[in-house]
Amino acid sequence: MNKPENEKFWTALPKAELHVHLEGSIAPSTVVELAARHGVQLTEAEAAARYAPGDFAQFIESFIWVTGFLRGPEDYALIARRFAESMKRQNVLYAEVTLSIGIMFRRNQDPAANYEALREAAAQVPGVRLVWIFDAVRQWGAAPAMEVARIAAELRSPDIIAYGIGGDELGLPTRDLRGVYEFVASQGMHRLIHAGEIGGPELVREAVEMLGAERIGHGIGVMRDERTMDFLAARGIPLEVCPTSNLRTGALARQLGKGAAGYEQHPLPEFFRRGLPVTLSSDDPAMFETSVSQEYAHVHRMGLTKMDMVRLAEASFQHAFVSDQERSSLLEKFHSGVSALGLV
Ligand SMILES: [Zn+2]
């Protein structure tokens, strides 16, 4: 995949990152380091090769493979510090980071200990604020999803801002998750879910109507249905769009009913122009050989102007789960960064 031009400019643009998985951000060199900690010899090239998915199912397999090297608090602390440093290098002022708590339970780990270690490690990197989304794995069922919701409620921290579900959206009907999301709402946490990534527009609509989802992870399936796009626009529900991810996992090709798809077929520019609330994100940057800055460069090349891109970056602050006071302070930093770049 070509490296986008003028990446430096998009690195300098202040940003918020709202859809990124901590476990998808582990660079191949760090995978090698983690594997060595646990007595597994691996080269960077081997790690990178394991990251190259042929389709969505293989992507889920790679994700589960890499998390096999996260065996305790020290491992989570290492990847959280590296992640925070990467956000800082890219001038990300604020990030809502998804943590696969479902995988920790599945591996019989102590999610509270892992969380405490990673939160502390990330907090040592100044200049970027990270908050956390506790995430369950959809295809593993409603009971494990509830276990994740319960630990999020139990730990009750202002840094755990939302509950989400990822994985295979076709693996469990939306209605089966109703009770989990009712519980999450009763605990005052924000509600997120991946939907319309490989699934159709009906799964996006169900996520909003049945589960009260406040933002949708991906949601590109709505490109197939104008009414769902209008529905989201009317309700002001943003889609967290991750173009490179959609190409690498084959999700876009699948939505288009084709064998392959390129950036030029991605619906983000159309969503933006028709006034659908959208934000731009990297999803699993190390696994997809991208970064949030590179996603901005890609979308600019897909036809949005620099001013459009500034609006897109601003939207990531507007749709963040922060207090009015924190939003004003982030937007102030954003606007002064934009002026420094000579954009307004
Ligand atoms: Zn995701």
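Numbers for residues simply follow the sequence, beginning at 1. Each ligand, and each atom within it, is numbered from 1 in the order the structure gives.
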Point to revise | Residue pairs passing the ring pair (Phe, Tyr, Trp, His ring centres under 6.0 Å) test where at least one lies in residues 200-227, sequence neighbours excluded | key: His19-His218, His194-His218

Return a table of donor-acceptor pairs under 3.5 angstrom between the side chains of residues 140-157 and protein atoms on other chains or two or more places apart.
{"unit_1": "Arg156", "atom_1": "NH2", "unit_2": "Gln187", "atom_2": "OE1", "d": "2.4"}
{"unit_1": "Ser157", "atom_1": "OG", "unit_2": "Asp159", "atom_2": "N", "d": "2.9"}

Check your understanding: Distance below 2.8 Å from the Zn ion (ligand 1): how many protein N/O/S atoms qualify?
Key ->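 Considering protein N, O and S only, the Zn ion (ligand 1) has 4 within range.
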
Exercise for review: Carefully, step by step, assess Phe231 and Val208 under the rule side-chain contact (heavy atoms from CB on, under 4.5 Å).
Suggested key: CA-CA 10 Å; Phe231 165 81; Val208 175; 3.8 Å; yes

Exercise for review: Return yes if a side-chain donor-acceptor contact under 3.5 Å exists between Ser100 and Glu23, otherwise no.
Suggested key: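 Note: Ser100 and Glu23 side chains miss the donor-acceptor criterion.
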
Review point. Going by heavy atoms in the side chains, are Arg82 and Leu78 under 4.5 Å from each other?
Key: yes

Review point. Applying side-chain hydrogen bond (donor to acceptor under 3.5 Å, both in side chains), which residue pairs with at least one partner in residues 160-170 are found, sequence neighbours left out?
Key: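 Sorted pair list comes back empty.
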
